[in-house]
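Just below is one structure, and these are the notes that go with it.
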Amino acid sequence: MGVKISASVLNADLSELGAEVGRVCAAGADMLHIDVMDGIFVPPMTIGDVVVKALRNKNKDFTFDTHLMVSEPERVIPFFAEAGSDFISVHVESNADIKKSLEKIRSLGCKSGLAVNPPTHVEKLFPYIEYVDMFIIMSVNPGYGGQAFIPQSLDKIAALRKELDNRGSNAAIEVDGGINPNTAPEVIKSGADILVAGSYLFNSPDMKEAVLRLKQSREII
Ligand code: DX5
Ligand code: ZN
């Protein structure tokens with residue numbers, strides 16, 4: 001199975017958000033990556049559940065991949081589930097009870113995600129494997145699009161892939177930050193299943209072509 005692309009709209013023209021979501025859908029992205037920031041876990045404040053709900057009303061079939069960069073995710077998980085998220089991911093560095101949050105996400109009918117920041121050891125994820133449908137390895141420090149990929153992330157992806165295989169887990173590995181045609185091949189080789197791409201897609205003159213280039217990265221390894 002090929003790699004999937006989750007398009008991050010953080011670097012889209014947010015004054016035209018509806019049209020931008022339509023554009024990534026038409027370009028063949030598999031998922032919409034929604035970066036939710038609370039101004040505490042990371043400095044910016046971005047998109048809330050009300051906006052996610054409005055986008056969902058216009059995009060019934062697109063997979064919504066909600067990435068909560070918030071310090072107290074437990075409180076808001078139900079709002080983002082109700083808004084129509086398919087995946088909801090919390091950060092292992094947040095103040096939440098991680099196991100409880102992941103169970104809550106699943107109990108609301110969504111897929112559970114667990115994200116890890118660049119400075120945090122990947123082993124911190126291991127105790128939660130059975131509660132997780134998708135891991136997010138952050139390959140930039142969270143908060144902003146358009147940053148350079150941190151090469152040390154490759155070892156974390158490989159270590160997680162090995163642990164998932166050893167434990168017989170089907171959880172997916174998503175990699176978030178600094179993905180472009182130069183970084184994608186190594187990321188896929190290390191074991192990623194889903195690539196988040198933001199600025200690369202939105203800076204490309206032809207977004208359809210850009211999605212295809214990322215998807216075909218596997219073939220040039
Ligand atoms: C960073 C966000 C990422 C980011 C990816 O805090 O979680 O999803 O928007 O953007 P690029 O692809 O530009 O690194
Ligand atoms: Zn993200």
Side-chain angles (χ1 to χ4, degrees), residues 1 3-6 8 30-31 33-38 40-42 63-77 80-81 85-143 147 149-179 183-184 186-198:
M1 213 184 57
V3 72
K4 289 198 163 135
I5 307 301
S6 192
S8 161
D30 302 281
M31 301 157 78
H33 184 86
I34 303 165
D35 286 309
V36 177
M37 305 185 188
D38 65 352
I40 301 169
F41 190 78
V42 286
T63 300
F64 277 22
D65 167 21
T66 301
H67 176 192
L68 297 181
M69 283 163 276
V70 308
S71 62
E72 290 181 12
E74 264 179 278
R75 206 170 45 81
V76 299
I77 284 166
F80 285 94
S85 303
D86 295 289
F87 287 83
I88 300 179
S89 300
V90 299
H91 265 267
V92 73
E93 301 86 0
S94 71
N95 296 326
D97 179 323
I98 302 299
K99 178 173 170 286
K100 252 173 72 182
S101 301
L102 295 166
E103 284 177 335
K104 172 139 218 149
I105 293 167
R106 281 183 171 171
S107 77
L108 293 168
C110 301
K111 303 260 189 212
S112 59
L114 186 58
V116 63
N117 282 338
T120 307
H121 290 291
V122 71
E123 289 79 12
K124 283 257 189 243
L125 303 174
F126 294 174
Y128 304 107
I129 286 176
E130 64 186 288
Y131 308 105
V132 176
D133 296 308
M134 178 180 82
F135 287 97
I136 304 183
I137 301 279
M138 292 301 300
S139 39
V140 297
N141 284 306
Q147 304 181 75
F149 181 85
I150 299 172
Q152 287 80 0
S153 317
L154 294 173
D155 291 340
K156 290 171 83 171
I157 301 164
L160 179 59
R161 171 53 63 205
K162 197 168 156 212
E163 186 70 14
L164 294 179
D165 288 350
N166 287 344
R167 304 257 297 258
S169 165
N170 289 325
I173 302 180
E174 176 173 278
V175 179
D176 186 6
I179 296 294
T183 55
E186 285 294 315
V187 169
I188 296 168
K189 199 154 93 182
S190 303
D193 305 293
I194 305 166
L195 308 180
V196 174

Residue pair Ile34, Phe80: steps toward the side chain to side chain contact (heavy atoms under 4.5 Å, CB included) verdict: CA-CA 11 Å; Ile34 303 165; Phe80 285 94; 6.0 Å; no
Do Leu160 and Lys156 pass the side chain to side chain contact (heavy atoms under 4.5 Å, CB included) test, and can you show the C-alpha distance, the side-chain angles, and the key distance before you say yes or no? CA-CA 6 Å; Leu160 179 59; Lys156 290 171 83 171; over 6 Å; no
The residue among Thr63, Asp86, Ile5 that forms side-chain contact (heavy atoms from CB on, under 4.5 Å) with Met31 is Thr63
Flag side-chain contact, heavy atom, 4.5 Å: Val90 against Ile105: yes
Salt bridge (charged side-chain N to carboxylate O under 4.0 Å, His left out) involving Glu123 - partner list, sequence neighbours excluded: none
Which atom pair, heavy atoms only, marks the closest approach of Val132 to Ala171? O-CB, 3.5 Å
At their closest point, which heavy atom of Gln147 faces which heavy atom of Asn141, and how far apart are they? NE2-O, 2.7 Å
Which atoms form the tightest heavy-atom contact between Ala192 and Val175, and what is the distance? CB-CG2, 3.6 Å
Considering all heavy atoms of both residues, which atom of Ile88 and which atom of Cys110 are nearest to each other, and what is their separation? CD1-SG, 4.0 Å
Is there a donor-acceptor contact under 3.5 Å from the side chain of Ser85 to the main chain of Ala81? no
Measure the spacing between OG of Ser107 and NZ of Lys100 and express it to the nearest 0.5 Å. 11.5 Å
ring-ring contact (aromatic ring centres under 6.0 Å, His included) filter on Phe149, not counting sequence neighbours, yields none
Between Asp65 and His33, the two heavy atoms sitting closest are OD2-ND1, 2.9 Å
Taking every non-hydrogen atom, the tightest pair across Thr120 and Val116: CB-CG2, 3.6 Å
Would you please test Asp35 and Ser8 for side chain to side chain donor-acceptor pair (under 3.5 Å) and show each step? CA-CA 7 Å; Asp35 286 309; Ser8 161; 2.9 Å; yes
Any side-chain heavy atom of Ile173 sitting closer than 4.5 Å to one from Ile194? no
Check whether any side-chain heavy atom of Leu68 sits under 4.5 Å from a side-chain heavy atom of Ile77, and report yes or no. yes
Could you list all the side chain to side chain donor-acceptor pair (under 3.5 Å) pairs where at least one residue sits in residues 126-139, not counting sequence neighbours? Arg106-Asp133, Ser112-Asp133
Point-to-point distance, once rounded to the nearest 0.5 Å, from OG of Ser169 to CZ of Arg161: 8.0 Å
For the pair Ser89 (side chain) and Ala115 (backbone), establish whether a donor and an acceptor sit closer than 3.5 Å, ignoring hydrogens and angles. no
Sidechain-backbone polar pair: Glu93 side chain, Asn117 backbone, donor-acceptor under 3.5 Å: yes
Report yes if the side chains of Ile137 and Val122 come closer than 4.5 Å at any heavy-atom pair, otherwise no. yes
How many angstroms lie between atom CD of Glu72 and atom CG of Asp38, to the nearest 0.5 angstrom? 8.5 Å
With sequence neighbours excluded, tell me which residues meet ring-ring contact (aromatic ring centres under 6.0 Å, His included) with His91. Phe41, His67
Please check if the side chain of Glu174 supplies one atom and the backbone of Met134 the other of a donor-acceptor pair under 3.5 Å. no
Rounded to the nearest 0.5 Å, the CZ atom of Arg167 sits from the CD1 atom of Ile129 at a distance of 4.0 Å
Using the salt bridge (charged side-chain N to carboxylate O under 4.0 Å, His left out) criterion, which residues pair with Asp155? Sequence neighbours excluded. none
Just jot down the salt bridge (charged side-chain N to carboxylate O under 4.0 Å, His left out) partners of Glu103, sequence neighbours excluded, or say none. Lys99
